[in-house]
Protein chains: 2
Amino acid sequence: MTARRSTRQRDVIARVLQDAPGPLGVTEVHACAQAELPRLGIATVYRTLKLLTEERRIHPVLLDGETLYETVGRGHHHHFSCTRCGRVFTLHTCPVTLPSSAVYPGGFVVEAHEVTLYGQCPECAARKTGAH
Amino acid sequence: MTARRSTRQRDVIARVLQDAPGPLGVTEVHACAQAELPRLGIATVYRTLKLLTEERRIHPVLLDGETLYETVGRGHHHHFSCTRCGRVFTLHTCPVTLPSSAVYPGGFVVEAHEVTLYGQCPECAARKTGAH
DNA sequence: ATAAATGCAAAGGTTTTGCAAGCAG
DNA sequence: CTGCTTGCAAAACCTTTGCATTTAT
């Protein structure tokens with residue numbers, strides 16, 4: 001019943017996300033993919049992102065007021081959002097002390113958690129404070 | 001140069017957020033405020049929220065794909081988003097182990113962090129699994 | 001060949017802006 | 001009085017949809 005086809009557009013979009021160092025926004029995905037497919041329309045990007053999400057190959061992250069997408073299967077991780085350049089990176093160290101299934105004071109049953117760290121990425125930090 | 005005026009609209013909107021148990025979305029703020037100011041326009045809500053944010057009296061939280069606003073000055077805290085009823089609560093216990101100004105592997109300089117816990121709120125948890 | 005997928009353009013929502021009228025100072 | 005604020009409506013944005021054409025199978 002579901003006859004999903006493999007197309008050049010889908011392959012390119014999936015690869016763009018695979019190769020990214022962190023989650024990307026719709027516009028970024030579009031721009032990166034257009035390097036290979038100049039006629040790629042934004043509607044296809046939206047449709048493909050939705051499709052890949054349904055297939056559980058990528059998943060959306062809400063960060064900085066934007067919906068970003070990243071590939072799944074990179075294990076438990078969190079994000080670092082650079083307050084200077086705005087890029088988002090993936091971190092593999094988890095700073096949260098939470099026994100899974102912890103119950104918080106008040107009776108809140110925790111099933112999952114999401115952490116975002118804000119600050120300066122290595123590149124921006126190297127440029128020193130005040131420098132532009 | 002900045003001649004900021006005190007108006008009924010601004011007072012009401014600020015109070016709505018003060019009295020809320022957790023962050024509210026634009027529509028919620030509008031609805032609550034309209035209880036007192038029936039002719040309040042949505043544009044004024046947007047403008048006032050931006051204003052209060054610039055004044056650092058409130059600040060935006062990005063949760064569940066929506067931008068919510070909460071008053072500042074409630075100390076360091078995080079949020080709990082109930083996966084059953086969708087309400088967002090404020091938690092005053094921080095599960096993050098982060099010496100302030102920590103530098104993460106790779107050279108990421110952490111200035112702040114945001115944590116969201118997902119699970120069941122006390123009320124929903126009491127209703128037992130499966131119950132509706 | 002056949003039907004899914006694409007690109008374009010139009011439609012839907014949400015947030016922002018322009019402007020005359022309404023108020024705070 | 002003066003000019004910041006407001007409410008309304010139009011504009012700007014972002015995301016989704018409709019449809020003829022292209023393309024994978």
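Note that the structure is a prediction, hence the values are computed from the model and not measured. Because only heavy atoms are used, hydrogens play no part in the values below, and waters and symmetry mates are left out as well, while side chains stay in. Letters A, B, ... mirror the listed sequences (proteins, then strands); counts begin at 1.
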Engineer: What residues from residues 29-43 of chain A pass a heavy-atom cutoff of under 4.0 Å to DNA chain C?
Structural biologist: A:Arg39, A:Leu40, A:Gly41, A:Ala43
Engineer: Give one of base, sugar-phosphate or nothing for B:Arg47, where a contact means two heavy atoms less than 4.0 Å apart.
Structural biologist: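 Base, at least one base atom sits under 4.0 Å.
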Engineer: Clusters formed by hydrophobic residues whose side-chain heavy atoms approach within less than 4.5 Å: which one holds A:Val72, and what are its other members?
Structural biologist: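 Cluster partners of A:Val72: none, it stands alone.
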Engineer: Could you tabulate the donor-acceptor pairs under 3.5 Å formed by side-chain atoms of residues 11-29 of chain B, not counting sequence neighbours?
Structural biologist:
residue	atom	partner	partner atom	Å
B:Arg15	NH1	B:Glu36	OE2	3.0
B:Arg15	NH2	B:Glu36	OE1	3.4
B:Glu28	OE1	B:Gly25	N	2.6

Engineer: Side chain of A:Arg5 only, heavy atoms from C-beta on: which candidate in C:dT6, D:dA24, C:dT17 is closest?
Structural biologist: D:dA24
Engineer: Using 30° and 60° as the class limits, which term best fits the ring planes of B:His78 and B:His113: parallel, tilted or perpendicular?
Structural biologist: tilted
Engineer: Which is it for B:Phe108 and A:Phe89 under the ring-ring contact (aromatic ring centres under 6.0 Å, His included) test, yes or no, and what are the steps along the way?
Structural biologist: CA-CA 10 Å; B:Phe108 293 92; A:Phe89 302 82; 5.3 Å; yes
Engineer: Which part of the nucleic acid, if any, lies within contact of A:Arg8, taking any heavy atom under 4.0 Å across all strands shown: a base, the sugar-phosphate backbone alone, or nothing?
Structural biologist: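 It contacts nothing in the nucleic acid.
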Engineer: Tell me the interatomic distance from A:Leu62, atom CG, to D:dT15, atom P, rounded to whole angstroms.
Structural biologist: 11 Å
Engineer: Among all residues two or more places apart in sequence or in another chain, which pass the side chain to side chain donor-acceptor pair (under 3.5 Å) test with B:Thr71?
Structural biologist: B:Arg74
Engineer: Within this structure, what is the OH-to-P distance between A:Tyr46 and D:dC14, rounded to whole angstrom?
Structural biologist: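 Atom-to-atom, A:Tyr46 to D:dC14, this comes out as 8 Å.
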Engineer: Rounded to whole Å, please give me the gap between CD in B:Gln9 and P in D:dC4.
Structural biologist: 17 Å
Engineer: Pairs in or reaching into residues 86-96 of chain A: which pass side-chain hydrogen bond (donor to acceptor under 3.5 Å, both in side chains), with residues at least two apart or in two chains?
Structural biologist: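 Matches after skipping sequence neighbours: A:Arg87-A:Glu123.
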Engineer: Nearest-Å distance, CG (A:Leu49) to P (D:dT16)?
Structural biologist: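 Value for this atom pair: 10 Å.
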Engineer: Figure out the CG/P separation between B:Leu52 and D:dT5, and round it to whole Å.
Structural biologist: 12 Å
Engineer: Looking at B:Arg10, I'd like to know whether one of its side-chain N or O atoms comes within less than 4.0 Å of OP1 or OP2 on C:dA24.
Structural biologist: no
Engineer: A:Leu68 CG to D:dT15 P: how many Å, rounded?
Structural biologist: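 Interatomic distance, CG of A:Leu68 to P of D:dT15: 11 Å.
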Engineer: Table please: side-chain donor-acceptor pairs of residues 49-61 of chain A below 3.5 Å, with sequence neighbours left out.
Structural biologist:
residue	atom	partner	partner atom	Å
A:Thr53	OG1	A:Leu49	O	2.6
A:Glu55	OE2	A:Arg4	NH1	3.4
A:His59	NE2	A:Glu70	OE2	3.1

Engineer: Mind calculating the distance between CZ (B:Arg4) and C1' (D:dG3) to the nearest angstrom?
Structural biologist: 15 Å
Engineer: Quick one: is B:Thr7 getting a side-chain N or O under 4.0 Å of the D:dT6 phosphate, OP1 or OP2?
Structural biologist: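 Yes, such a contact exists.
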Engineer: Write down the distance between CG (A:Asp11) and P (D:dA24), rounded to a whole number of angstrom.
Structural biologist: 10 Å
Engineer: Is the phosphate of C:dA24 approached by B:Ser6 (side-chain N or O, under 4.0 Å from OP1 or OP2)?
Structural biologist: no
